[in-house]
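Below: the structure, in C-alpha cells.
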Amino acid sequence: MGAALIGVCIAVVAGFAAGSANTRAKRARLDYTRTKALVPGARKTAWAESLRGLRVIATAAAVLVALAMAMNVIGQR
C-alpha cells in the first residue's frame with residue numbers, strides 16, 4: 001500500500017512538472033510566432049525612418065552648400 005501511494009505521488013508531481021513545462025513551451029512558441037510575424041513590419045518601419053532621416057540630412061547639407069556658394073559669390077564682388 002505504501003509503495004503504491006509513493007508511486008502515485010511521484011506520478012502526480014511528474015505529471016504536474018510535465019504539464020507546466022508543456023504550457024511554458026506552448027506560450028513560448030506562440031510568442032515566437034507573433035514576434036516573427038512582426039519583424040517584417042518593424043524592418044520596413046526602421047528602413048522608412050532611416051531614409052527619412054537621411055533625406056533630412058541631405059536636404060540640410062544641400063542648403064548649407066548652396067548658402068556657402070552664395071556667400072562665396074557675394075564675397076567676390
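These values consider heavy atoms only, across backbone and side chains, with no hydrogens, waters or symmetry-generated copies. Note that the structure is a prediction, hence the values are computed from the model and not measured. Heads up: numbering here begins at 1 and tracks the sequence.
Note that CD1 of I74 and CG of L67 are 8.5 Å apart. Values are rounded to the nearest 0.5 Å.
Residues P40 and A37 approach most closely at CD-O, 3.5 Å, considering heavy atoms.
Screening residues 36-60 for salt bridge (Lys or Arg N to Asp or Glu O under 4.0 Å), with sequence neighbours left out, gives E49-R52. Sorted pairs that involve residues 6-31 and meet salt bridge (Lys or Arg N to Asp or Glu O under 4.0 Å), not counting sequence neighbours, are lacking altogether.
Under the 4.5 angstrom side-chain criterion for Ile, Leu, Val, Met, Phe, Trp and Tyr, L30 has no cluster partners at all. Clustering of Ile, Leu, Val, Met, Phe, Trp and Tyr by side-chain heavy atoms under 4.5 Å joins M69 with V65. Cluster partners of I10, using a side-chain heavy-atom cutoff of under 4.5 Å among ILVMFWY residues and allowing indirect links, are I6.
The side chain to side chain contact (heavy atoms under 4.5 Å, CB included) check on F16 picks up nothing, with sequence neighbours excluded.
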